[in-house]
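Worksheet for the structure shown next.
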2 protein chains.
Amino acid sequence: MSSSRATLMQVAERAGVSLASTSRALHGTGASQAMVDRVRAAAAELGYSPDAIGRSLRMKRTFQVAFAVADIGNPVYVEMLTAIHEVLAPHGYRVVVMSTGHTVASTVDLVRSLGSGFVDGLIVSPLRTDDALVEAIRQAPVPVVVIGRSLEKQGIDSVSTDSAAGIGQAVAHLVKIGRRRIGFVNGPLDTTPGAARQRGFDAATSAPAFAGNHAETERAENFTVAAGLAAARRLLSRTPASGPFDAVVAANDLLAIGVIRAAGELGLSVPGELAVTGMDDTEIGKVFQPSLTSVSLGSAERGRAAAQLVLDRVGDVVEPAQQIAIGPHLVVRESTAPPTELPASKEKSAR
Amino acid sequence: MSSSRATLMQVAERAGVSLASTSRALHGTGASQAMVDRVRAAAAELGYSPDAIGRSLRMKRTFQVAFAVADIGNPVYVEMLTAIHEVLAPHGYRVVVMSTGHTVASTVDLVRSLGSGFVDGLIVSPLRTDDALVEAIRQAPVPVVVIGRSLEKQGIDSVSTDSAAGIGQAVAHLVKIGRRRIGFVNGPLDTTPGAARQRGFDAATSAPAFAGNHAETERAENFTVAAGLAAARRLLSRTPASGPFDAVVAANDLLAIGVIRAAGELGLSVPGELAVTGMDDTEIGKVFQPSLTSVSLGSAERGRAAAQLVLDRVGDVVEPAQQIAIGPHLVVRESTAPPTELPASKEKSAR
DNA sequence: GATCGGCCTGGAAACGTTTCCGGTGATGTC
DNA sequence: GACATCACCGGAAACGTTTCCAGGCCGATC
């Protein structure tokens, strides 16, 4: 926190050359070798390092990209952040983490705040979307990439995934291993992921392949473990006419963990008596006990794609909006298996 | 991504007043009401929003703070990040996430890069520290707050916690509930937390209160679940002369989860046959099955304190370096309990 | 030998903002 | 009525950098 930093002007004086030449020498273009050596030496002596603000002002580039999510506590977003960081850092870009807040209005505010130009681009994964937000994004003074649903018609760059199809994969898997009464623990329906996943569940359970089985939805207040626990308690306290639930599809790994905890409370073994699937294929799901069968939506991959898209855009390539889709795929682990033939004792068999 | 943004100059012209007055009117000091109204109107018409870069250049303030950690994948750092964000955002500060890398050299580079002045302050939680880093921090052109060990003698602001004492609390708890052969799964000893926690374990297990019991350390490659799993396999494959391990202290919640998984592999029940403690009291530990007894080091609290410290410092209050200490405390959950009296059937001695 | 082209350099402008400073008009006080 | 005080306004400088432009030098070409 010592002496104020050296400026380019000071380096120029020290080297006895002009300001322009100094800049060129350090920047590396159109300067003689002698000049470069001289300036480099002076810069080293003074411990010069270029001022990012001055440079930004002149170049109209901040070398910063913002990443905005509602809840950085959700491991999915952390994975995205890591991936984004890995792509951007080698290009000299910094990542600013922002919070969208939980309402769409606050997200609109955030997008508008890009007007102050502290950032060259934005990657945002909004929980909720509406026309105002779409419009704000379209008007935004810097490239914006949305991670979430495809916004092709709206002409906005997006990296999406078909989470509805992902839920379909989970349901298909459960049916295939012999589950007949499937509950669905979803998040709020007015969120983009909540709506998509509900569509996926409804479609999968009204398809011919599902005929004769039972399906039922319970809605959690949000996408956290606590909400999942509460919702699962409600769901599992009901018993369909055809018999107790033997599987639960959760819209989220966190919700799934809540479901498993609820099952534990009720003395239901997982996967023996209750198979549970999650979604997002997070690290926490991998290490949970039992490890979580989960639909991977390629969080890291989506993060990387979004970052690459922003990078392309700030390199002022003006192209029509691009849509990148990442296919979901199911990763089967311990939390799903064919139902155990229960011995009369109803105690859990060997581990 | 439409028309280029309006500048203050344009607002001034539109309002028919000087640039200086425009700035004052918007900034709110020393302008008549009439002037304010007039300028506000013009600004609104043009959709003006002030340019952060121009402002930064002039004010020598970026309204950004960097938070640097080795591994943002570790939930502890996510909790800190959240807390930091919550403190800083209301003051108009943005948070830039940076990676220190795993070597001390790359951390030094990062601190040096502050010289480019893109940020008003830095909060860093380095895994490893050496004299070069301390010196770099002391020379840094902006306030730096270290989360980790106390750096009082070095004259650096720090927010620390006595993790050694925390390990002591864990050991005391285990002894109290009747555990006699305690393993310690630690991370690398050349890291700051690794070293401190080892000291804590060694001190606790060589204290009179521990006399007659067995203690043994196994070192994991890093602080992740996978490393914890591997280390626990090694540890539990050994059997002390006095009998098998009945408790494991892990230096970290992630390591603890690895330990529990290893116990599962070996058919050991937790907490019945093996009690396990973690450290950091992370969200994932709370929801794990069994939920984790863990030593809280107040991650969120430390984040908040560090953020507040940076905030004070950028408000150019020049005071001697401050040391804030957060006391550790044990949170007992399911993963520790008195040993179960094993029915004769279970082959305990043979293992 | 004059001209042209190419390489290199220095001067100066520009990016958008805040703030110092001097000036003007109005108001209040003796 | 003169003078000090005050509130407000406009001009201009400054923050640190990059880049346009013009000019100087040198070698090569005709």
Side-chain angles (χ1 to χ4, degrees), chain A residues 3-40 42-43 46-64 92 113-120 141-142, chain B residues 3-40 42-43 46-64 92 113-120 141-142:
Chain A
S3 59
S4 59
R5 290 159 29 213
T7 149
L8 191 63
M9 177 78 102
Q10 292 169 17
V11 176
E13 279 175 13
R14 176 117 188 176
V17 299
S18 81
L19 187 59
S21 299
T22 312
S23 174
R24 276 187 298 252
L26 292 177
H27 189 259
T29 166
S32 67
Q33 190 56 47
M35 176 68 82
V36 169
D37 293 344
R38 197 166 169 184
V39 170
R40 285 258 169 81
L46 268 58
Y48 170 78
S49 71
D51 182 88
I53 301 298
R55 173 188 297 235
S56 290
L57 183 61
R58 176 63 223 236
M59 310 227 312
K60 295 176 165 303
R61 284 274 201 98
T62 61
F63 293 99
Q64 292 191 154
S113 81
L114 297 178
S116 62
F118 60 97
V119 98
D120 295 338
V142 298
Chain B
S3 60
S4 58
R5 290 159 29 213
T7 149
L8 190 63
M9 177 78 101
Q10 292 169 17
V11 176
E13 280 176 11
R14 176 118 189 175
V17 299
S18 83
L19 188 59
S21 299
T22 312
S23 175
R24 275 188 297 252
L26 293 178
H27 190 260
T29 167
S32 68
Q33 190 57 47
M35 176 67 81
V36 169
D37 293 344
R38 196 165 167 184
V39 169
R40 285 260 171 80
L46 268 58
Y48 170 79
S49 73
D51 183 89
I53 300 297
R55 173 190 300 232
S56 291
L57 183 62
R58 174 64 222 235
M59 311 226 314
K60 295 176 166 308
R61 284 275 201 93
T62 62
F63 293 98
Q64 292 191 153
S113 80
L114 296 178
S116 61
F118 60 97
V119 98
D120 294 339
V142 298

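Predicted, not measured: the structure shown is a model, and the values here were computed from it. Chain letters run A, B, ... following the sequence lines, proteins first, then strands; residues in each count from 1.
- One can place CD of B:Gln33 at 13 Å from C1' of D:dC8, the figure rounded to the nearest angstrom.
- Within a 6.0 Å radius of CE in B:Met9, other residues, nucleotides and ligands contribute 12 heavy atoms or fewer.
- Not one side-chain nitrogen or oxygen of B:Ser18 sits closer than 4.0 Å to the OP1 or OP2 atom of D:dC9.
- Of all non-hydrogen atoms in A:Arg5 and B:Gly115, the two that sit nearest each other are NE-O, 2.6 Å.
- Across D:dC9, C:dA14, D:dG10, the shortest atom-to-atom separation from the side chain of A:Arg58 is found for C:dA14.
- Atom CZ of A:Phe118 and atom P of C:dC15 are 22 Å apart (whole Å).
- In plain terms, the two heavy atoms of B:Ser116 and B:Ser113 that are nearest each other are OG-O, 2.9 Å.
- The two atoms that bring A:Thr22 and A:Leu8 nearest to each other are CG2-CD1, 3.6 Å, heavy atoms only.
- Here the nucleotide nearest the side chain of B:Val17, chosen from C:dT17, D:dG10, C:dG10, is D:dG10.
- In this structure, B:Asp37 atom CG and D:dC8 atom P are separated by 13 Å, rounded to whole Å.
- No contact: B:Ile53 has no heavy atom under 4.0 Å from any strand.
- When the C1' atom of D:dT19 is taken as reference, atom CG of A:Leu26 falls 15 Å away, rounded to whole Å.
- Between the CG atom of B:Asp51 and the P atom of C:dA14 there is a distance of 17 Å, rounded to whole Å.
- Dashed line: the shortest gap from a side-chain N or O of A:Ser21 to OP1 or OP2 of C:dG10 is under 4.0 Å.
- Spacing between atom CG of A:Leu19 and atom P of D:dC15 amounts to 12 Å, rounded to whole angstrom units.
- The nearest whole Å value for the distance from the CG atom in A:Leu8 to the P atom in C:dG11 is 14 Å.
- Going from atom NE2 of B:His27 over to atom C1' of D:dC8 covers 17 Å, rounded to whole Å.
- No side-chain heavy atom of A:Val142 sits less than 4.5 Å from a side-chain heavy atom of A:Asp120.
- B:Arg55 has no side-chain polar atom (N or O) that falls below the 4.0 Å cut-off from OP1 or OP2 of C:dG16.
- Within the nucleic acid shown, A:Thr7 comes within 4.0 Å of sugar-phosphate atoms alone, with no base atom in reach, counting heavy atoms only.
- Each of B:Ala20 and B:Met59 has a nearest nucleotide on DNA chain D; the 5'-most of these lies closest to B:Ala20.
- Backbone-only engagement by A:Ser32 is indicated by non-hydrogen atom pairs under 4.0 Å involving sugar-phosphate atoms exclusively.
- The residue among B:Lys60 and A:Arg24 whose nearest nucleotide of DNA chain D lies closer to the 5′ end is B:Lys60.
- Set against C:dT19, D:dT18, C:dC15, the side chain of A:Leu57 has C:dC15 as its closest nucleotide.
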